Amino acid sequence: EAVRPQPFEVDLELIADLREAGRSDALEATVDYGELCEAVRAVIEGEHATLLEHLAEEVASRALAVAGERATGVVVTVRKLRPPVPVALASAAVRICRP
């Protein structure tokens, strides 16, 4: 498992106050989703992590940093597809919630 790359999926739910964006329809009033995706990709493709929990914490931290003061929380799920375990599993996942 540590020798060959493992396929992952990441679900990210950003909790943010976006009322200003909803009222104004102005890009500068929302979160840059492209930047958010790039930050998540940098974590997943970056330094090797042994635990899904570590990856989830890193993704949460980066997402909150990118979103800035608009963010009030984040929910991150990191899913390892076809984990190398002795039973047939489609995936194994960790989900964390951070304020």
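Bear in mind the structure is a predicted one, so any value in this text is a computation, not a measurement.
- Closest non-hydrogen pair, Ser91 versus Pro83, comes out as CA-CD, 3.8 Å.
- Think of Leu27 as one node in a network of Ile, Leu, Val, Met, Phe, Trp and Tyr side chains linked at under 4.5 Å; it has no links at all.
- Applying the side chain to side chain contact (heavy atoms under 4.5 Å, CB included) test to Glu38 and every residue at least two apart in sequence or in another chain returns Arg41.
- For the side chain to side chain contact (heavy atoms under 4.5 Å, CB included) test, residues two or more places apart in sequence or in another chain that qualify with Asp11 are Thr77, Arg79.
- Arg23 is linked by a side chain to side chain donor-acceptor pair (under 3.5 Å) to nothing, counting only residues two or more places apart in sequence or in another chain.
- Residues meeting the salt bridge (Lys or Arg N to Asp or Glu O under 4.0 Å) test with Glu57, sequence neighbours left out: Arg98.
- The two residues Ala21 and Ala29 come nearest to each other via the heavy atoms CB-O, 3.4 Å.
- In this structure, the side chains of Pro7 and Lys80 stay at 4.5 Å or more apart for every pair of heavy atoms.
- In the hydrophobic clustering (ILVMFWY side chains linked at under 4.5 Å, chained through shared members), Val85 is joined by Val87, Leu89.
- In this structure, Ile15 shares a hydrophobic cluster with Val75, the cluster being traced through Ile, Leu, Val, Met, Phe, Trp and Tyr side chains under 4.5 angstrom apart.
- With sequence neighbours left out, Asp17 forms a side chain to side chain donor-acceptor pair (under 3.5 Å) with Arg19.
- Arg62 meets the salt bridge (Lys or Arg N to Asp or Glu O under 4.0 Å) test with no other residue; sequence neighbours excluded.
- Atoms CZ and CD, from Arg95 and Glu53 in turn, are 14.0 Å apart once rounded to the nearest 0.5 Å.
- With side-chain heavy atoms closer than 4.5 Å counting as contact, directly or through intermediates, the hydrophobic cluster containing Val78 also holds Phe8, Val10, Leu12, Leu14, Leu18, Val31, Tyr33, Leu36, Val40, Val43, Ile44, Leu52, Leu55, Val59, Leu64, Val66, Val74, Val76, Val94, Ile96.
- In this view, Arg70 satisfies the salt bridge (Lys or Arg N to Asp or Glu O under 4.0 Å) rule with no residue, not counting sequence neighbours.
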